[in-house]
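Take a look at the structure set out below.
Every chain is numbered from 1, with letters handed out A, B, ... down the list of sequences.
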Amino acid sequence: MPPRVRFAPSPTGFLHVGGARTALFNWLFAKHHGGTFVLRIEDTDVERSSDDMVAGILEGLRWLGLQWDEGPEVGGPHGAYFQSQRLDRYRAAAAALVAGGHAYSCYCSLERLREERDTAEARGEAWQYDRACLRLPPERIAALEATGAPRAIRFKVPETTTAFADAVHGRIAFDTRTIEDFVVLRSDGHPTYHLSVVVDDIDMQITHVIRGDDHISNTPKHVMLFEAMAAPVPVFAHVPLILGADKKRLSKRHGATSVTEYRRQGYLPDAMVNFLALLGWSPGDDREVMSLDDLTAAFSLEGISGGNAVFNTEKLDWMNGQYIAKLPVDRLAAAVVPLMTDAGVPVPAASEWVHSLLELLRPRARRLVDFVELARPYLVDTVDYQPEAVEKHLGIPNLGDHLAALAMALRTTDPFDEPHVEAAVRGTAADRAIKAGVLIHAVRVAATGRTTSPGLFEVLALLGRDRTVQRIEELVNFLATRTAQSFS
RNA sequence: GUCCCGUUGGUGUAGCUGGCCCAACACGUCGCCCUUUCAAGGCGAAGAUCGCGGGUUCGAAUCCCGCACGGGACGCCA
């Protein structure tokens, strides 16, 4: 039977990288085994959930290429896929638990519970629910019910040892005495997380629950619930957490954590997926740059490692560079041109020329946004000279004359391509008995205003004769006025 | 405080059915090559007493025990 897995985000925040990786592992597992990937929105916390967050999560998943087989917008035979639309199911399940003797009503006030916890915490201890309401005599319960007192439903935790076989950690056992009678249905009729997940996982026939390590201690509760509902317990696989550089759980403090943010910064979805897949998982061999198809073919739960992983941005950048290097140029242009336009850098319509430019810059970019600054000198009309470039390369005696001579030579360079431009530059340098490098550096400043650029002859060929000559002459003028000023 | 998970170079991992491991791959770092600069690419180097301490064994990163440290969970949040 093909497996059914699910990703069940709570729309109380953005899709962060940890959630994205959990989704990815689920997706890969499903695809590897020809199974089904279900997306379920856990929005039982009405206060904190929002439609915008749902939209953002869906968008993030699609951007990564993780389309779901069942869930929001695509439907499926096991819906609804929003927990807020399944409230009846949870209430029925809670009633069934009570009827079966697995759960009971609790009339304790929130104030009392909080006080108990606070005093316990003051002693440095944890408080467990004292089962006060489990011992209530029937007539007392009847009286409370008659007055319409608010009541929650608590699961009656049996005294045993619950154990489950975790696909990444092996057997994990809990003494249930350390687990209190947890609430499954709040007094407002809304289910808690524990009830809704289990009910949904049963209804949606989930066979494998792949989720974060932070759920390990919830799992015995879920196992007990599955058993109380006489449902088969799915296989659990708890994947390690993603940590920041300080080994603390990844959070806002660490900078970008949402996939939307990485998208905005110019990371490619394939690179993101590849990088995330390698955080806590390995194919078992030395492969690292892997497509979604490669990952799907290689994926297995056994390859997931047990320890938490630090999110290493440097490696992500490297990975992104690998994918930028391989991106077909038309797709690269489609991704990058809008960024340039947004930044106020005009891009000509001539796509051949733009493609050549991008090819020149490609090995120098790690993120798509890098292209904007990299490309700026080739797209704007006037070149701004960086002070350090001026200082470093323009202090040559008679430089203006040398440049004027070069401009003259370039005027008749034909064709104006890389080898001919190179010949003209080197020829001029030889004629004037200066090192080619000196002239090259100065011309780079003329053409780009910077100390660094792609190979100068490629740059000039790309700029074309007119703009090249014009920029060299502009630098000649700049030098002349500067000299005049220094004498005044 | 209690329970649970984890611990291989700065980072991510491989190795973990014990010997082929004086530990491998990738990122990062450093150097060299290429070269007009910056990248990219190629080549090379440094960097881990495999958390610590005991044990088992002819032999342990690999098996057992203890400890330390890190992380997570202990809600009518998910």
Do [Y] and [X] meet the salt-bridge criterion of a basic N to acidic O distance under 4.0 Å?
| X | Y | value |
| --- | --- | --- |
| Arg112(A) | Glu115(A) | no |
| Lys315(A) | Glu288(A) | yes |
| Arg114(A) | Glu116(A) | no |
| Asp200(A) | Arg86(A) | yes |
| Arg177(A) | Asp175(A) | yes |
| Arg367(A) | Asp317(A) | no |

Is [X] touching bases, backbone alone, or none of the nucleic acid, heavy atoms closer than 4.0 Å?
| X | value |
| --- | --- |
| His190(A) | nothing |
| Ala173(A) | sugar-phosphate |
| Lys248(A) | sugar-phosphate |
| Asp166(A) | nothing |
| Leu113(A) | base |
| Leu456(A) | base |
| Phe182(A) | nothing |
| Gln128(A) | nothing |
| Leu110(A) | base |

Taking every non-hydrogen atom, the tightest pair across Leu399(A) and Ala442(A): CD1-CB, 3.8 Å

Could you check Thr178(A) against Gln83(A) and say which one's nearest nucleotide on RNA chain B is further toward the 5' end? Thr178(A)

Relative to the 5' end of RNA chain B, which residue comes earlier, Arg249(A) or Val183(A), by the nucleotide with the nearest heavy atom? Arg249(A)

Ring-ring centroid check Phe299(A) Trp281(A), cutoff 6.0 Å: yes

Is the distance between the ring centroids of Phe311(A) and Tyr262(A) under 6.0 Å? yes

With rounding to the closest Å, how many angstrom separate the [atom1] atoms on [N] and [M]?
| N | M | atom1 | answer |
| --- | --- | --- | --- |
| A48(B) | U11(B) | C1' | 13 Å |
| C4(B) | C22(B) | P | 37 Å |
| A40(B) | A46(B) | P | 23 Å |

For RNA chain B, the residues among residues 117-125 of chain A that have a non-hydrogen atom under 4.0 Å from it: Arg117(A), Gly124(A)

Near RNA chain B, which residues from residues 384-396 of chain A have a heavy atom under 4.0 Å away?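 By residue number: none to list.
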
So if I define the base as every atom that isn't primed, P, OP1 or OP2, how would nucleotides 7-16 of chain B read as a B/S/- string at a heavy-atom cutoff under 4.0 Å? ----SBSS--

Quick tally for nucleotides 38-52 of chain B: nucleotides whose base has a protein heavy atom under 4.0 Å get B, sugar-phosphate-only ones S, the rest -, giving BBSS-----------

Of the nucleotides G1(B), C5(B), C76(B), which one has an atom closest to the side chain of Ala152(A)? C76(B)

What's the closest nucleotide to the Leu241(A) side chain, out of G72(B), G1(B), C4(B)? G72(B)

Nucleotides 62-64 of chain B: which of its N/O atoms have a protein N/O under 3.5 Å away?
none

Taking pairing as Watson-Crick or G-U wobble with both contacts under 3.5 Å, can you name the mate of [N], or confirm there isn't one?
| N | answer |
| --- | --- |
| C67(B) | G51(B) |
| U57(B) | none |
| C74(B) | G1(B) |
| U11(B) | A26(B) |

Applying side chain to side chain contact (heavy atoms under 4.5 Å, CB included) to Ile141(A) and not counting sequence neighbours gives Tyr107(A), Leu136(A), Glu145(A)

Under 3.5 Å side-chain donor-acceptor pair for His169(A) and Asp213(A):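 The answer is yes; a qualifying pair exists.
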
Consider only side-chain N and O atoms of Thr219(A) and His238(A), and report whether a donor and an acceptor are under 3.5 Å apart.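 Yes, side-chain donor-acceptor contact under 3.5 Å.
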
Below 3.5 Å, does any donor atom in the side chain of Ser217(A) face an acceptor in the base of C3(B), or the other way round?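 Side chain to base: no pair below 3.5 Å.
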
Just say parallel, tilted or perpendicular for the rings of Trp127(A) and Tyr129(A), cut-offs at 30° and 60°.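 Ring orientation of Trp127(A) relative to Tyr129(A): perpendicular.
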
Short side-chain N/O contact from Arg154(A) to OP1 or OP2 of C76(B), under 4.0 Å: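 So the side chain of Arg154(A) is within the cut-off, an N or O lying under 4.0 Å from OP1 or OP2 of C76(B).
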
Identify the residue among Tyr193(A), Phe174(A), Phe182(A), Phe155(A) that makes a ring pair (Phe, Tyr, Trp, His ring centres under 6.0 Å) with His222(A). Tyr193(A)

